[in-house]
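In this chain, residues are counted from 1 in sequence order.
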Amino acid sequence: MPKISFWPAALVALLLALVPLRGAYAAPRLPPPPAPGSPGIGSPGADVGPPDCAASGWPWSCLAECEGGGDWHINTGNGYYGGLQFWQSTWVKYGGLVYAPRADLATREEQIEVAQEVLRMQGWGAWPACSRKYGLSGRVHTVEPGDTLFAIATRYRITGGWQALYTANKKLIGSSPDRLKADTMLVIPASAARRALRPSHPAGPDG
């Protein structure tokens, strides 16, 4: 009788000992999350970890640190102004005069507003050296209140419509394409037209 009860206990102990090993092989530890940034847009290299500038507002604070030493009101007389080093004609073309005569005279937030317009049309390549430094590439649309995938896809005339836009940003948006969070930075697929239409807010993907 004692012999019969001994074997089940031994088997249980053996199985319990094996469980951690099985789990280790079935689900290896995942790498840590990428440095602050938006999936699909790019982020600082994992080998060096998140840069200090990311804590004060990724990616714009890092771009400003690289472009203008983190000084949003810099004017060195080289023809480029502000934290993101706008060329004056670029500042004018993308609506900067609404805020100030030059970028260095505008606030950080106003400079970012104009930079987002540049980003929609030119992409991160408008800041070639610094965007490469932080692994940023492509054109990006920053979601505004009221935006829908349908409206964004129409604005940029994306081949494949809102479905193609959703596919390109699915990991970032999640399982609900009809719910976009303001300030989310969406990758604009390469199939989009180089010149966007004026913003509009028609019905969403299921509208």
Strictly under 2.5 Å separating the two SG atoms? Check that for Cys62 and Cys53, please.
yes
Do Tyr134 and Pro59 have side chains that approach each other closer than 4.5 Å (heavy atoms only, starting at C-beta)?
no
When the side chains of residues 91-100 are checked against the rest of the protein, which donor-acceptor pairs come out under 3.5 Å, sequence neighbours left out?
residue: Trp91; atom: NE1; partner: Gly96; partner atom: O; Å: 3.3
residue: Trp91; atom: NE1; partner: Ala100; partner atom: O; Å: 2.9
residue: Tyr94; atom: OH; partner: Gln122; partner atom: NE2; Å: 3.2

Just so I know, are the side chains of Leu149 and Gln163 near enough to count as touching, which here means a heavy-atom distance under 4.5 Å?
no
Any donor-acceptor pair under 3.5 Å from Gln88 side chain to Pro101 backbone
yes
Apply side chain to side chain contact (heavy atoms under 4.5 Å, CB included) to the pair Leu180 and Ile152, showing each step before the final yes or no.
CA-CA 11 Å; Leu180 296 182; Ile152 298 169; 4.0 Å; yes
Separation of Ile112 CD1 from Thr107 OG1 (nearest 0.5 Å)
8.5 Å
Examine distances only and state if a side-chain atom of Ser131 and a backbone atom of Pro128 form a donor-acceptor pair shorter than 3.5 Å.
yes
Check the orientation of Trp124 and Trp60. Use parallel for under 30°, tilted for 30 to 60°, and perpendicular for over 60°.
tilted
Contacts of Thr142 meeting side chain to side chain contact (heavy atoms under 4.5 Å, CB included) (sequence neighbours excluded), chain-then-number -> Gln116, Arg120, Asp183, Met185
I'd like to know whether Asp147 forms a side chain to side chain contact (heavy atoms under 4.5 Å, CB included) with His141, so could you lay out the CA-CA distance, the side-chain angles of the two residues, the decisive distance to 0.1 Å, and finally the verdict.
CA-CA 10 Å; Asp147 269 349; His141 174 87; 2.8 Å; yes
Euclidean distance, Ile158 CD1 relative to Ile188 CD1, rounded to 0.5 Å
6.5 Å
State, with a plain yes or no, whether a side-chain heavy atom of Ser61 is found less than 4.5 Å away from one of Arg108.
yes
Side-chain contact, heavy-atom cut-off 4.5 Å: Tyr81 with Thr76?
no
Quick check: do Arg102 and Asn75 have side-chain heavy atoms less than 4.5 Å from each other?
yes
When you compare the side chain of Val114 with that of Phe86, does any pair of heavy atoms fall below 4.5 Å?
yes
Is Leu105 linked to Leu84 within one hydrophobic cluster, defined over Ile, Leu, Val, Met, Phe, Trp and Tyr using a side-chain heavy-atom separation of less than 4.5 Å?
no
Answer yes or no: does atom OH of Tyr80 have more than 12 heavy-atom neighbours from other residues, nucleotides or ligands under 6.0 Å?
no
Distance check, rounded to the nearest 0.5 Å: Gln85 atom CD versus Thr90 atom OG1?
11.5 Å
For the pair Asn169 (side chain) and Leu165 (backbone), establish whether a donor and an acceptor sit closer than 3.5 Å, ignoring hydrogens and angles.
yes
With sequence neighbours excluded, what pairs up with Ser89 under the side chain to side chain contact (heavy atoms under 4.5 Å, CB included) test?
Trp87
Considering residues at least two apart in sequence or located in another chain, which fulfil the ring-ring contact (aromatic ring centres under 6.0 Å, His included) criterion with Trp72?
none
Residues passing the side chain to side chain contact (heavy atoms under 4.5 Å, CB included) test with Arg179, sequence neighbours excluded, are Ser176
Ignoring hydrogens, what is the shortest heavy-atom contact between Thr159 and Ala164? Give both atom names and the distance.
O-CB, 3.4 Å
Counting only N and O atoms by type, is there a donor-acceptor contact under 3.5 Å from the side chain of Gln111 to the main-chain atoms of Ala106?
yes
Is the closest side-chain heavy-atom distance between Val143 and Leu186 below 4.5 Å?
yes
Which residues pass the side chain to side chain contact (heavy atoms under 4.5 Å, CB included) test with Thr167, sequence neighbours left out?
none
Hydrophobic cluster membership, Val118 vs Ile74, 4.5 Å side-chain cutoff
no
